[in-house]
Amino acid sequence: MQTARIICPNGHLGFAPLKPESFAIGVATGPDFIAADSGSDDVGPGPIGSDTCTSPLAWQTHDLEAMLLAARARGVPMIIGSAGDTGTNSRVDLYVGLIREIAAKHKLAPFRLGYFYSEVDREYLRAKIRGGDPITGLEGREALSEAELDATSRIVAMAGVHPFRRLLEQGADVIIGGRSSDSAIFAAAALHRGHTEALSYYLGKVLECASFCAEPYGGKETVLGEIIDGGVHVTAMHPNQRCTVASVAGHAMYERSNPNYEFVAGGMLDMSHCHYEQISEKTTRVTGPTFVPIDRVRVKLEGAAKIGERYVGMAAVRDPYTIKHIDAVIGWARQQVRERFGETGYELHYTVYGRDGVMGPLEPVKTPAHELCIVVQGVAPTKEMAEEVCITGTRQMFYARLPEVKGTAGSVAFVLDEVLPASAAYRWSVNHTVGVDDPMELFPTHLIEIGG
Amino acid sequence: MQLRKLHELAKTIRSKNAGVDRITFDIIFRDRSTYDAVRRSGALSREAVLALYGLPESRLTDFVEFDPAYAIKFTIARLRPSGSPGDSDIFGAQQYAPLLDVDVPMPDNEPRDPVV
């Protein structure tokens with residue numbers, strides 16, 4: 001069996017730049033693969049809905065350049081999943097273009113670039129629904145209806161190891177993936193080198209967020225993972241970071257409902273019997289994960305539906321009487337919007353900072369602060385209407401009619417007497433899974449020659 | 001018995017999205033004895049967490065004691081998916097604050113963490 005030494009310099013490539021010092025140390029250890037995930041659904045439904053990136057192009061380019069130069073210098077594969085935050089087709093094309101530009105800039109010797117798409121055609125899913133093969137909801141959601149399908153702007157499927165393995169088998173030197181499971185990016189590399197599913201997926205699980213599995217806390221630092229004698233060894237590359245039993249086991253919990261199970265297209269990684277052992281200052285060894293394959297693969301789908309255009313306004317309050325009656329102030333402003341636009345056809349949201357702005361109904365503290373800031377969001381089908389909804393909902397707080405207020409010249413303070421255009425409002429409409437006969441059917445792969 | 005605040009006992013107290021429909025909370029302790037003492041205290045039981053956040057039981061989707069990390073972890077269902085207009089915490093990263101001041105009855109002989 002071949003070694004599978006993988007370094008990961010960034011848990012979300014592009015969201016913030018990788019740190020060069022620990023990356024250089026990681027490259028000097030002689031990895032077999034350099035890999036990173038570039039996506040997250042944490043960024044909200046806007047980027048996938050509007051087909052844009054959250055991450056700045058400069059940071060994406062910075063990390064792709066560092067990884068490509070290191071990978072080509074060593075002659076090892078570079079693997080990227082979930083291109084451009086969302087892994088939509090346009091983001092894959094963006095990254096393929098960046099790889100091409102970086103290769104030309106540095107006059108790199110020719111290499112093979114593999115890439116795959118993840119966007120899912122609406123009619124493919126409609127046929128499944130009509131054919132009695134439901135698109136099952138995750139986390140308590142109902143099965144996907146045709147109405148929700150039609151409302152959704154864009155849908156991606158979450159690739160497992162399958163397209164990565166296909167491209168590695170075809171000899172790709174660089175892989176740019178559409179939307180992918182974080183762990184699959186790394187697991188595919190280890191599987192390609194002949195390792196077991198259990199250890200390969202665990203390796204992927206622990207590497208996907210880079211230095212989040214190390215301590216002390218510090219993101220965007222490189223970690224090295226490898227499979228040795230039936231265990232996964234994970235090592236921090238930053239001189240001041242260590243991978244400890246606590247930091248590695250703690251990372252198993254990060255961003256998931258249950259620390260014992262990881263679901264991917266093709267099965268489930270069971271970590272409930274993992275054993276963690278500190279084997280040197282910076283390295284922890286993990287043994288005991290198991291992998292439970294599934295008969296018929298189900299692939300996770302993500303999609304967002306547009307609600308409307310959006311404007312944002314702000315207002316603040318200092319008068320204690322007005323603070324005590326802030327709901328009446330908001331109620332007055334809402335009523336003015338209702339009189340102009342009716343009950344429906346728009347959304348108007350108030351977030352009251354200083355009372356429960358961060359936590360809303362979850363806030364246990366019931367006493368407001370001595371001053372409040374209210375953020376107003378107006379959402380409507382057109383920009384013009386969204387602006388008017390928002391300015392009405394914001395400015396009318398100034399004219400709120402409170403019976404015993406002493407200050408009769410205005411109920412709120414404005415930092416700006418205007419409302420600001422914001423990104424369009426979307427909602428996560430698809431968080432579902434679809435059954436597939438062939439795990440590759442949603443992920444068409446391409447292999448091209450770059451340079452020369 | 002002595003009352004200690006959870007923030008004095010835990011190494012990490014955090015919240016974060018677990019997918020788009022849920023927020024998960026991690027309370028991680030430095031050592032086995034503190035972890036065991038907090039578990040035994042009942043201050044972080046399912047019922048205690050529901051009461052602290054004013055939630056019905058149906059919104060608590062997972063509650064796990066995770067021995068390898070000396071951690072207590074629970075997950076709640078969001079009222080609406082992350083990033084919907086009006087959602088004030090797209091990453092779910094600031095929902096842990098009420099946990100910091102939870103009173104935990106601890107045995108008097110429980111070792112205190114050294115003051116740094």
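Small disclaimer: the values here were computed from a predicted structure and weren't measured. Below, read A as the first sequence line, B as the second, and so on, with proteins coming before strands; counting in each chain starts at 1.
- Of the two parts of A:L362, the backbone and the side chain both hold a non-hydrogen atom closer than 4.5 Å to a non-hydrogen atom of chain B.
- For B:P81 against A:R141, the heavy-atom pair with the smallest separation is CG-NH2, 3.3 Å.
- In this structure, no portion of B:R78 lies under 4.5 Å from any heavy atom of chain A.
- Heavy atoms of A:Y276 lying under 4.5 Å from chain B belong exclusively to its side chain.
- The parts of A:D42 that come within reach of chain B are both its backbone and its side chain, each placing non-hydrogen atoms under 4.5 angstrom from that chain.
- In this structure, no portion of A:A422 lies under 4.5 Å from any heavy atom of chain B.
- The shortest heavy-atom contact between A:R427 and B:S84 is CB-OG, 4.0 Å.
- Of residues 347-359 of chain A, those residues with a non-hydrogen atom less than 4.5 Å from any non-hydrogen atom of chain B are, in numerical order, A:E347, A:H349, A:T351, A:Y353, A:G357, A:V358, A:M359.
- Only the side chain of B:F66 comes within contact range of chain A, with heavy atoms under 4.5 Å apart.
- For the atom pair A:M253 CE and B:K73 NZ, the distance stands at 5.5 Å (nearest 0.5 Å).
- When heavy atoms are compared at a cutoff of 4.5 Å, A:E139 approaches chain B by way of both its backbone and its side chain.
- Heavy atoms only, all atoms of each residue included: B:K11 and A:A246 are closest at NZ-CB, 3.6 Å.
- A distance of 10.0 Å separates CD in A:E255 from OG1 in B:T24, rounded to the nearest 0.5 Å.
- Rounded to the nearest 0.5 angstrom, A:W428 CH2 and B:D87 CG are separated by 12.5 Å.
- In this structure, B:L79 and A:P361 approach most closely via the heavy-atom pair CD1-CG, 4.1 Å.
- When all heavy atoms of A:S257 and B:R22 are compared, the pair lying nearest together is OG-CD, 3.8 Å.
- Among B:T61, B:N17, B:D21, the residue making the largest number of heavy-atom pairs under 4.5 Å with chain A is B:D21.
- Atoms CG and OG1, from A:N258 and B:T75 in turn, are 7.5 Å apart once rounded to the nearest 0.5 Å.
- Of the listed residues B:P98, B:S88, B:P85, the one with more heavy-atom pairs under 4.5 angstrom with chain A than any other is B:P85.
- Of the two parts of B:I28, only the side chain, counted from C-beta on, holds a non-hydrogen atom closer than 4.5 Å to a non-hydrogen atom of chain A.
- The two residues A:P364 and B:L52 come nearest to each other via the heavy atoms CB-O, 3.7 Å.
- Using a 4.5 Å cut-off between heavy atoms, B:L55 touches chain A through its side chain atoms alone.
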